[in-house]
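Notes follow the structure.
In what follows, every chain begins at residue 1, and chains take the letters A, B, ... in the order their sequences are listed. Note: hydrogens, waters and symmetry copies are ignored here, and every other heavy atom, side chains too, is used. No experiment lies behind these values; they were computed from the predicted model shown.
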2 protein chains.
Amino acid sequence: MITTDVKELQCPVALTLDIINDKSKIFIVYILLGGQKRFKDICEAFSQVTQKTVTQKLKELEADHIIERTVFAEVPPRVEYALSPIGLELKKVLDSMHAFGEVYAAKYGCKRDVK
Amino acid sequence: MITTDVKELQCPVALTLDIINDKSKIFIVYILLGGQKRFKDICEAFSQVTQKTVTQKLKELEADHIIERTVFAEVPPRVEYALSPIGLELKKVLDSMHAFGEVYAAKYGCKRDVK
DNA sequence: CTGTATCCTTCAAGATACTG
DNA sequence: CAGTATCTTGAAGGATACAG
(Lines give C-alpha, C1' and ligand atoms only; values in the text may rest on other atoms or scores of the structure.)
Protein backbone atom coordinates (compact mmCIF):
# COMPACT_ATOMS: atom_id res chain seq x y z
CA MET A 1 0.00 0.00 0.00
CA ILE A 2 1.25 3.40 -0.90
CA THR A 3 -0.13 6.39 0.90
CA THR A 4 -0.10 9.39 -1.34
CA ASP A 5 -0.48 12.35 0.93
CA VAL A 6 -1.02 11.18 4.47
CA LYS A 7 0.87 8.83 6.69
CA GLU A 8 -0.23 7.25 9.88
CA LEU A 9 2.43 6.87 12.51
CA GLN A 10 1.70 4.00 14.83
CA CYS A 11 4.71 4.56 17.01
CA PRO A 12 4.42 7.50 19.40
CA VAL A 13 8.15 8.10 19.19
CA ALA A 14 7.95 8.34 15.42
CA LEU A 15 5.04 10.71 15.77
CA THR A 16 7.01 12.94 18.12
CA LEU A 17 9.97 12.89 15.79
CA ASP A 18 7.74 13.81 12.91
CA ILE A 19 6.49 16.86 14.75
CA ILE A 20 9.84 17.94 16.15
CA ASN A 21 11.77 16.93 13.11
CA ASP A 22 14.76 19.15 13.37
CA LYS A 23 16.96 21.05 15.71
CA SER A 24 15.54 24.44 14.88
CA LYS A 25 12.05 23.46 15.98
CA ILE A 26 13.27 22.08 19.25
CA PHE A 27 15.17 25.29 19.77
CA ILE A 28 12.05 27.32 19.21
CA VAL A 29 10.23 25.28 21.82
CA TYR A 30 13.21 25.75 24.10
CA ILE A 31 13.10 29.49 23.62
CA LEU A 32 9.37 29.64 24.22
CA LEU A 33 9.69 27.68 27.44
CA GLY A 34 11.03 30.96 28.79
CA GLY A 35 7.69 32.61 28.11
CA GLN A 36 6.00 34.05 25.06
CA LYS A 37 8.20 35.86 22.62
CA ARG A 38 7.90 38.21 19.70
CA PHE A 39 8.92 37.20 16.22
CA LYS A 40 11.91 39.50 16.42
CA ASP A 41 13.10 37.99 19.68
CA ILE A 42 12.94 34.50 18.28
CA CYS A 43 14.92 35.56 15.24
CA GLU A 44 17.58 37.14 17.40
CA ALA A 45 17.86 34.13 19.65
CA PHE A 46 18.51 32.21 16.46
CA SER A 47 21.56 33.86 15.03
CA GLN A 48 22.53 30.89 12.87
CA VAL A 49 19.20 30.69 11.10
CA THR A 50 17.61 33.13 8.68
CA GLN A 51 14.34 34.91 9.24
CA LYS A 52 12.77 32.97 6.42
CA THR A 53 13.53 29.70 8.12
CA VAL A 54 12.22 30.93 11.45
CA THR A 55 8.97 31.95 9.76
CA GLN A 56 8.64 28.56 8.17
CA LYS A 57 9.34 26.62 11.33
CA LEU A 58 6.92 28.74 13.32
CA LYS A 59 4.23 28.00 10.76
CA GLU A 60 4.86 24.30 10.95
CA LEU A 61 4.78 24.30 14.72
CA GLU A 62 1.57 26.27 14.68
CA ALA A 63 0.01 23.88 12.18
CA ASP A 64 0.92 21.04 14.54
CA HIS A 65 -0.71 22.82 17.49
CA ILE A 66 2.57 23.14 19.37
CA ILE A 67 2.58 26.91 19.49
CA GLU A 68 -0.03 29.65 19.39
CA ARG A 69 0.27 32.85 17.44
CA THR A 70 -1.29 36.06 18.67
CA VAL A 71 -1.47 39.18 16.53
CA PHE A 72 -1.86 42.52 18.25
CA ALA A 73 -3.58 45.21 16.23
CA GLU A 74 -0.93 47.80 16.85
CA VAL A 75 1.38 50.01 14.89
CA PRO A 76 4.04 48.83 14.50
CA PRO A 77 2.64 45.33 14.32
CA ARG A 78 3.32 42.94 17.16
CA VAL A 79 3.04 39.17 17.03
CA GLU A 80 3.62 36.97 20.01
CA TYR A 81 4.32 33.28 19.97
CA ALA A 82 3.68 31.02 22.94
CA LEU A 83 3.59 27.32 23.63
CA SER A 84 0.17 25.71 23.53
CA PRO A 85 -0.86 23.32 26.31
CA ILE A 86 0.37 20.36 24.29
CA GLY A 87 3.50 22.30 23.40
CA LEU A 88 4.21 22.69 27.08
CA GLU A 89 4.19 18.92 27.33
CA LEU A 90 7.39 18.99 25.33
CA LYS A 91 9.11 20.42 28.37
CA LYS A 92 9.51 16.90 29.68
CA VAL A 93 11.27 15.88 26.50
CA LEU A 94 13.55 18.88 26.68
CA ASP A 95 14.24 18.19 30.34
CA SER A 96 15.33 14.67 29.57
CA MET A 97 17.58 15.99 26.82
CA HIS A 98 19.04 18.48 29.27
CA ALA A 99 19.73 15.71 31.76
CA PHE A 100 21.35 13.54 29.13
CA GLY A 101 23.49 16.43 27.90
CA GLU A 102 24.82 17.01 31.37
CA VAL A 103 25.70 13.40 31.91
CA TYR A 104 27.33 13.24 28.50
CA ALA A 105 29.30 16.45 28.99
CA ALA A 106 30.55 15.21 32.35
CA LYS A 107 31.91 12.11 30.68
CA TYR A 108 33.04 13.30 27.27
CA GLY A 109 33.12 17.08 27.47
CA CYS A 110 31.10 19.50 25.43
CA LYS A 111 33.47 20.10 22.56
CA ARG A 112 32.19 18.91 19.24
CA ASP A 113 33.76 18.64 15.85
CA VAL A 114 32.20 20.81 13.24
CA LYS A 115 31.36 18.82 10.16
CA MET B 1 35.55 34.95 17.81
CA ILE B 2 35.27 32.42 15.07
CA THR B 3 35.93 28.80 15.85
CA THR B 4 37.26 27.04 12.84
CA ASP B 5 36.82 23.39 13.49
CA VAL B 6 35.50 22.86 16.99
CA LYS B 7 32.52 24.24 18.80
CA GLU B 8 31.82 24.18 22.47
CA LEU B 9 28.21 23.71 23.38
CA GLN B 10 27.43 25.22 26.75
CA CYS B 11 23.82 24.19 26.75
CA PRO B 12 23.25 20.51 27.51
CA VAL B 13 20.16 20.48 25.31
CA ALA B 14 22.18 21.82 22.39
CA LEU B 15 24.79 19.19 23.05
CA THR B 16 22.22 16.44 23.02
CA LEU B 17 20.72 17.78 19.83
CA ASP B 18 24.14 17.90 18.27
CA ILE B 19 24.69 14.24 19.03
CA ILE B 20 21.22 13.07 18.06
CA ASN B 21 20.86 15.48 15.22
CA ASP B 22 18.37 13.72 13.09
CA LYS B 23 15.55 11.28 13.05
CA SER B 24 17.56 8.42 11.66
CA LYS B 25 19.98 8.43 14.57
CA ILE B 26 17.21 8.45 17.11
CA PHE B 27 15.66 5.55 15.26
CA ILE B 28 18.88 3.60 15.44
CA VAL B 29 19.01 4.15 19.19
CA TYR B 30 15.37 3.10 19.35
CA ILE B 31 16.11 -0.08 17.46
CA LEU B 32 19.11 -0.89 19.63
CA LEU B 33 17.08 -0.43 22.79
CA GLY B 34 15.62 -3.78 21.82
CA GLY B 35 19.04 -5.37 22.20
CA GLN B 36 22.11 -5.60 20.02
CA LYS B 37 21.57 -5.96 16.33
CA ARG B 38 23.50 -6.87 13.23
CA PHE B 39 24.13 -4.40 10.48
CA LYS B 40 21.70 -6.20 8.23
CA ASP B 41 18.94 -6.09 10.84
CA ILE B 42 19.34 -2.36 11.29
CA CYS B 43 19.16 -1.82 7.56
CA GLU B 44 16.01 -3.88 7.32
CA ALA B 45 14.34 -2.07 10.20
CA PHE B 46 15.07 1.07 8.22
CA SER B 47 13.28 0.52 4.95
CA GLN B 48 13.12 4.20 4.10
CA VAL B 49 16.85 4.76 4.37
CA THR B 50 19.66 3.41 2.23
CA GLN B 51 22.43 1.20 3.46
CA LYS B 52 24.93 3.94 2.84
CA THR B 53 23.10 6.29 5.17
CA VAL B 54 22.80 3.64 7.84
CA THR B 55 26.54 3.04 7.64
CA GLN B 56 27.23 6.73 7.99
CA LYS B 57 24.91 7.24 10.94
CA LEU B 58 26.31 4.21 12.71
CA LYS B 59 29.80 5.62 12.32
CA GLU B 60 28.75 8.96 13.73
CA LEU B 61 27.02 7.38 16.69
CA GLU B 62 30.06 5.24 17.34
CA ALA B 63 32.36 8.27 17.16
CA ASP B 64 30.13 9.94 19.74
CA HIS B 65 30.34 6.93 22.04
CA ILE B 66 26.63 6.23 21.82
CA ILE B 67 26.97 2.78 20.32
CA GLU B 68 29.59 0.04 20.33
CA ARG B 69 30.62 -1.98 17.34
CA THR B 70 31.77 -5.55 17.69
CA VAL B 71 33.28 -7.49 14.82
CA PHE B 72 33.19 -11.27 14.98
CA ALA B 73 35.96 -13.05 13.11
CA GLU B 74 33.63 -15.36 11.25
CA VAL B 75 32.80 -16.27 7.73
CA PRO B 76 30.53 -14.77 6.64
CA PRO B 77 31.43 -11.68 8.63
CA ARG B 78 29.21 -10.64 11.51
CA VAL B 79 29.12 -7.21 13.08
CA GLU B 80 26.94 -6.38 16.03
CA TYR B 81 25.94 -2.95 17.20
CA ALA B 82 24.84 -2.24 20.75
CA LEU B 83 24.17 0.79 22.88
CA SER B 84 27.01 1.90 25.10
CA PRO B 85 26.32 2.77 28.75
CA ILE B 86 25.88 6.43 27.85
CA GLY B 87 23.79 5.42 24.87
CA LEU B 88 21.47 3.58 27.21
CA GLU B 89 20.96 6.88 29.00
CA LEU B 90 19.13 8.02 25.91
CA LYS B 91 16.33 5.65 26.83
CA LYS B 92 14.96 8.32 29.13
CA VAL B 93 14.83 10.77 26.26
CA LEU B 94 13.08 8.24 24.06
CA ASP B 95 10.67 7.41 26.86
CA SER B 96 9.69 11.03 27.22
CA MET B 97 9.19 11.24 23.47
CA HIS B 98 7.04 8.14 23.63
CA ALA B 99 4.93 9.67 26.38
CA PHE B 100 4.53 12.90 24.47
CA GLY B 101 3.57 11.07 21.29
CA GLU B 102 0.83 9.21 23.11
CA VAL B 103 -0.61 12.37 24.61
CA TYR B 104 -0.42 14.10 21.26
CA ALA B 105 -2.02 11.23 19.38
CA ALA B 106 -4.86 11.07 21.88
CA LYS B 107 -5.59 14.72 21.24
CA TYR B 108 -4.82 15.19 17.56
CA GLY B 109 -4.55 11.70 16.11
CA CYS B 110 -1.55 10.16 14.49
CA LYS B 111 -2.19 11.06 10.88
CA ARG B 112 0.37 13.40 9.42
CA ASP B 113 0.57 15.25 6.16
CA VAL B 114 3.42 14.23 3.97
CA LYS B 115 5.36 17.21 2.82
C1' DC C 1 7.76 44.99 12.82
C1' DT C 2 6.41 40.89 10.59
C1' DG C 3 6.47 38.79 7.25
C1' DT C 4 6.61 37.21 1.34
C1' DA C 5 8.80 36.33 -2.94
C1' DT C 6 12.78 34.98 -5.80
C1' DC C 7 16.75 33.24 -6.94
C1' DC C 8 20.62 30.41 -6.00
C1' DT C 9 23.85 27.32 -3.69
C1' DT C 10 25.09 23.39 -1.25
C1' DC C 11 24.86 19.35 0.86
C1' DA C 12 22.51 15.16 2.45
C1' DA C 13 20.93 11.14 0.73
C1' DG C 14 19.40 7.91 -3.24
C1' DA C 15 20.85 4.66 -6.86
C1' DT C 16 24.04 1.64 -8.29
C1' DA C 17 28.06 -1.01 -8.72
C1' DC C 18 31.88 -3.02 -6.60
C1' DT C 19 35.13 -5.26 -2.67
C1' DG C 20 37.13 -8.10 1.25
C1' DC D 1 27.63 -10.11 5.15
C1' DA D 2 29.19 -5.66 5.74
C1' DG D 3 30.55 -2.38 3.94
C1' DT D 4 33.05 1.36 0.14
C1' DA D 5 33.07 4.26 -4.15
C1' DT D 6 30.89 7.30 -7.54
C1' DC D 7 27.64 9.85 -9.48
C1' DT D 8 23.48 12.40 -9.37
C1' DT D 9 19.53 14.93 -7.73
C1' DG D 10 16.22 17.25 -4.97
C1' DA D 11 15.01 19.89 -1.35
C1' DA D 12 16.43 22.79 2.58
C1' DG D 13 18.06 26.89 3.59
C1' DG D 14 20.89 31.48 2.61
C1' DA D 15 20.86 36.13 0.51
C1' DT D 16 18.34 39.69 -0.91
C1' DA D 17 14.62 42.63 -2.07
C1' DC D 18 10.06 43.98 -1.31
C1' DA D 19 5.22 44.53 1.05
C1' DG D 20 1.43 45.58 4.51
Considering only heavy atoms, which members of residues 41-49 of chain B lie under 4.0 Å from some atom of DNA chain D?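 Contacts with DNA chain D under 4.0 Å: none.
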Side-chain contact, heavy-atom cut-off 4.5 Å: Phe46(B) with Gln48(B)? yes
Does a side-chain heavy-atom distance below 4.5 Å link Leu32(A) with Ile42(A)?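 Heavy-atom side-chain distance check passes, below 4.5 Å.
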Who are the salt bridge (charged side-chain N to carboxylate O under 4.0 Å, His left out) partners of [X], not counting sequence neighbours?
X        : answer
Glu80(A) : Arg78(A)
Glu44(A) : Lys40(A)
Asp22(A) : Lys57(A)
Asp95(B) : Lys91(B)

Take the C1' atoms of the five end pairs on each side of the helix from dC1(C)-dG20(D) to dG20(C)-dC1(D), derive the two axes, and give their angle rounded to 10 degrees.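 Comparing the axis at each end, I get an angle of 50°.
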[X] [atom1] to [N] [atom2]: how many Å, rounded?
X        : N       : atom1 : atom2 : value
Gln56(A) : dA12(D) : CD    : C1'   : 8 Å
Phe39(A) : dT2(C)  : CZ    : C1'   : 6 Å
Leu58(B) : dG3(D)  : CG    : P     : 8 Å
Asn21(A) : dA11(D) : CG    : P     : 15 Å

Closest listed nucleotide, where the reference is the side chain of Lys57(B) and the choices are dG3(C), dA13(C), dT4(C):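 Taking heavy atoms from C-beta onward, the closest nucleotide is dA13(C).
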From the set dT4(D), dG3(C), dA13(C), return the single nucleotide nearest to any side-chain atom of Arg69(A).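 The listed nucleotide nearest to Arg69(A)'s side chain is dG3(C).
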Nearest heavy-atom neighbours spanning Gly87(A) and Val29(A): O-CG1, 4.5 Å
Can you see which heavy atom on Gln51(B) is nearest to which on Cys43(B), and at what distance? CG-SG, 3.9 Å
Under 3.5 Å donor-acceptor pairs involving side-chain atoms of residues 61-70 of chain B, not counting sequence neighbours:
| unit_1 | atom_1 | unit_2 | atom_2 | d |
| --- | --- | --- | --- | --- |
| Asp64(B) | OD1 | Arg112(A) | NH1 | 2.9 |
| Asp64(B) | OD2 | Arg112(A) | NH2 | 3.1 |
| Arg69(B) | NE | Tyr81(B) | OH | 3.2 |

[X] side chain N/O closer than 4.0 Å to the phosphate oxygens (OP1, OP2) of [N]?
X        : N       : answer
Lys59(B) : dT4(D)  : yes
Arg38(A) : dC1(C)  : no
Thr53(B) : dA12(C) : no
Tyr81(B) : dC1(D)  : no

Sugar-phosphate only, base, or nothing, as touched by Phe72(B) at under 4.0 Å among non-hydrogen atoms: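 Result for Phe72(B) = nothing.
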Quick check on DNA chain C: between Arg78(A) and Asp22(B), whose nearest nucleotide comes earlier from the 5' end?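 Its nearest nucleotide being more 5', the pick is Arg78(A).
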Can you name the ring-ring contact (aromatic ring centres under 6.0 Å, His included) partners of Phe39(A), sequence neighbours left out? none
Set of residues satisfying ring-ring contact (aromatic ring centres under 6.0 Å, His included) with respect to Tyr30(A), sequence neighbours excluded: none
So if I take residues 26-36 of chain A and measure heavy-atom distances to DNA chain C, which residues fall below 4.0 Å?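 None - not one residue of the stretch has a heavy atom sitting under 4.0 Å from the strand.
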Can you list the residues that meet the side chain to side chain contact (heavy atoms under 4.5 Å, CB included) rule with Ala105(A), with sequence neighbours excluded?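 Partners of Ala105(A) by the side chain to side chain contact (heavy atoms under 4.5 Å, CB included) criterion, ordered by chain and then number, come out as Cys110(A), Leu15(B).
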Atom pair NZ (Lys107(B)) and CD1 (Ile86(A)), whose distance is rounded to the nearest 0.5 Å: 5.5 Å
To the nearest 0.5 Å, how far apart are OG1 in Thr53(A) and CG in Leu58(A)?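 If I round to the nearest 0.5 Å, the distance is 10.5 Å.
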Do any N or O atoms of the protein come closer than 3.5 Å to N or O atoms of nucleotides 16-20 of chain D, and which pairs are they?
none

